[in-house]
Amino acid sequence: MRVATWNVNSLNARLERVLEWLAANGPDVLLVQETKLRDEAFPSSAFADLGYEGAHVGQGQWNGVAVVSRVGLDEVVRGLSDGEARLVGATCGGLRVYSCYVPNGRALDDPHYAYKLAWLEELRGLLAARDRSVPVLIGGDFNVAPADRDVWDPGALEGMTHVSGPERRALEALEATGLVDAVRCVHPDEPCFTWWDYRGGAFHRGWGMRIDLVYLDAALAPRVRAAYVDRDARKGTKPSDHAPVVVELDL
DNA sequence: ATGTCCCAACTTTTGGGA
């Protein structure tokens with residue numbers, strides 16, 4: 001089973017690249033974030049042409065998440081209590097998957113930061129109460145770099161969101177429900193950045209962060225055959241500012 | 001310190017968000 005997660009920064013702007021990537025890489029499940037679409041505008045037929053069905057939770061201008069699967073799509077759940085389109089769950093081929101788009105936080109003294117921490121805590125509650133008889137995978141844009149090795153220059157980010165103690169502790173609390181970071185199972189020390197700012201030539205300078213993560217049920221850790229970032233997808237014409245993260249599991 | 005991209009709208013330019 002191959003599962004990928006990708007913040008596409010507008011599925012409308014990125015549709016051609018996403019379809020090309022799906023055809024070339026053949027994931028069984030793709031978790032999508034920042035579709036920026038209303039549900040009525042979700043391009044179901046374009047995915048169907050490639051053999052995929054999709055479950056989308058959208059709100060229009062901002063946010064928007066989806067699960068796209070070619071191995072079944074059942075028991076869809078939508079959102080947390082905040083009413084924003086930031087979480088969708090589904091059961092695909094015996095795996096319980098979630099696509100999540102964690103609030104950005106904006107700045108440590110911004111109300112959005114408190115909202116981010118509350119959102120992560122509600123997500124932790126959902127995961128803590130999960131059905132333990134079905135293996136779970138949650139992937140998405142967590143807008144938190146778990147450790148200093150996940151950013152290009154920790155010193156440059158002091159006092160900013162994405163690296164603060166409370167955000168990192170919130171991720172650790174998610175893991176403590178019985179999850180492992182799939183990429184770190186295979187690549188414990190490499191940076192494995194997933195996001196580079198569009199500005200300032202950040203991609204070519206190597207100024208990136210690892211904020212797109214895949215957490216797996218700890219029981220699946222021995223089943224991870226590969227886990228990697230498709231950095232090439234950040235190159236070329238009209239890229240997203242995020243690259244996909246791919247996890248291959250022997251189920 | 002911010003050089004880009006994407007969206008909406010009192011739309012051909014600006015403001016919000018990332």
Side-chain angles (χ1 to χ4, degrees), chain A residues 5-21 31-43 46 56-66 79-80 82-88 99-120 123 139-146 150-164 166-168 170-171 193-213 229-245:
Chain A
T5 182
W6 196 4
N7 179 324
V8 298
N9 184 20
S10 168
L11 187 53
N12 190 45
R14 218 68 58 209
L15 186 59
E16 195 176 337
R17 286 199 62 143
V18 170
L19 296 174
E20 280 173 11
W21 191 87
L31 309 174
V32 186
Q33 301 86 38
E34 282 208 86
T35 63
K36 301 187 180 179
L37 294 175
R38 290 170 294 107
D39 283 336
E40 308 84 74
F42 185 74
H56 180 243
V57 175
Q59 68 182 76
Q61 184 178 2
W62 290 308
N63 310 320
V65 288
L80 292 179
D82 58 319
E84 296 206 353
R86 296 182 177 278
L87 185 76
V88 57
S99 174
C100 78
Y101 177 48
V102 175
N104 174 285
R106 297 176 189 164
L108 299 186
D109 60 356
D110 191 298
H112 207 256
Y113 178 76
Y115 163 55
K116 178 181 195 173
L117 295 178
W119 197 92
L120 283 165
L123 180 63
D141 177 359
F142 284 79
N143 270 316
V144 181
D150 298 310
V151 303
W152 83 99
D153 180 1
L157 293 168
E158 250 172 76
M160 313 273 275
T161 61
H162 295 58
V163 297
S164 74
E167 289 165 278
R168 286 176 168 173
L171 285 192
F193 297 153
T194 66
W195 172 86
W196 299 261
D197 201 309
Y198 283 123
R199 296 169 292 187
F203 181 66
H204 292 104
R205 291 171 191 258
W207 295 350
M209 303 178 75
R210 191 175 75 95
I211 57 176
D212 299 271
L213 309 171
V229 179
D230 184 3
R231 212 174 156 277
D232 286 345
R234 179 62 177 77
K235 302 174 181 175
T237 308
K238 276 190 66 154
S240 170
D241 46 354
H242 296 252
V245 180

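Sequence lines set the chain letters: A, B, ... in the order given, protein chains first and strands last, and positions in each chain run from 1. This one's a predicted model, so the numbers in the text were calculated from it and none came from an experiment.
The NZ-P distance, from A:Lys238 to B:dC5, rounds to 10 Å in whole Å. Here the C1' atom of nucleotide B:dC6 and the NE2 atom of A:His242 are 12 Å apart, to the nearest Å. Following rounding to the nearest Å, A:Trp207 (CH2) and B:dT4 (C1') show an atom-to-atom distance of 14 Å. Taking atom CG of residue A:Asn7 and atom P of nucleotide B:dA18, one finds them 11 Å apart after rounding to whole Å. Distance CG (A:Leu157) to C1' (B:dT2): 13 Å, rounded to an integer number of Å. Between the CG atom of A:Asn143 and the P atom of B:dA18 there is a distance of 8 Å, given to the nearest Å. Between the P atom of B:dC5 and the CZ atom of A:Arg199 lies a distance of 11 Å, rounded to the nearest Å. Distance A:Leu37 CG to B:dC6 P: 13 Å, rounded to the nearest Å.
One P atom belongs to B:dC5, the other to B:dA1, and the distance between them is 23 Å to the nearest Å. Between B:dC7 and B:dT11, the distance separating the two C1' atoms is 12 Å to the nearest Å. Atom name C1', nucleotides B:dT14 and B:dC10: the rounded distance is 11 Å, in whole Å. Taking atom P in both B:dG3 and B:dG15, the straight-line distance is 16 Å, to the nearest Å. Taking the C1' atoms as reference points, B:dT2 lies 14 Å from B:dG17, given to the whole Å.
With B:dC6, B:dC7, B:dA18 as the candidates, the nucleotide lying closest to the side chain of A:Arg14 is B:dC6. Considering only the side chain of A:Arg106, B:dG17 comes nearest among B:dC6, B:dA8, B:dG17.
Both A:Trp62 and A:Tyr198 lie near DNA chain B, and the one whose nearest nucleotide falls closer to the 5' end is A:Tyr198. Take the nearest nucleotide of DNA chain B for A:Lys36 and for A:Asn104: the residue whose nucleotide is more 5' is A:Lys36.
Counting only heavy atoms from C-beta outward, the side chains of A:Phe203 and A:Arg231 approach each other to under 4.5 Å. In this structure, A:Val57 and A:Arg86 have side chains that are not in contact, with every pair of non-hydrogen atoms separated by 4.5 Å or more. Between A:Asn7 and A:Trp195, the closest side-chain pair of non-hydrogen atoms is not below 4.5 Å.
None of A:Asp141, A:Asn143, A:Val229, A:Leu31 except one satisfies the side-chain contact (heavy atoms from CB on, under 4.5 Å) rule with A:Asp212; the exception is A:Asp141.
If you take OG1 on A:Thr194 and CZ on A:Phe142, they are separated by 11.0 Å, rounding to the nearest 0.5 Å.
Within the 4.0 angstrom heavy-atom criterion, only backbone atoms of the sugar-phosphate kind lie near A:Tyr101; the bases stay farther away.
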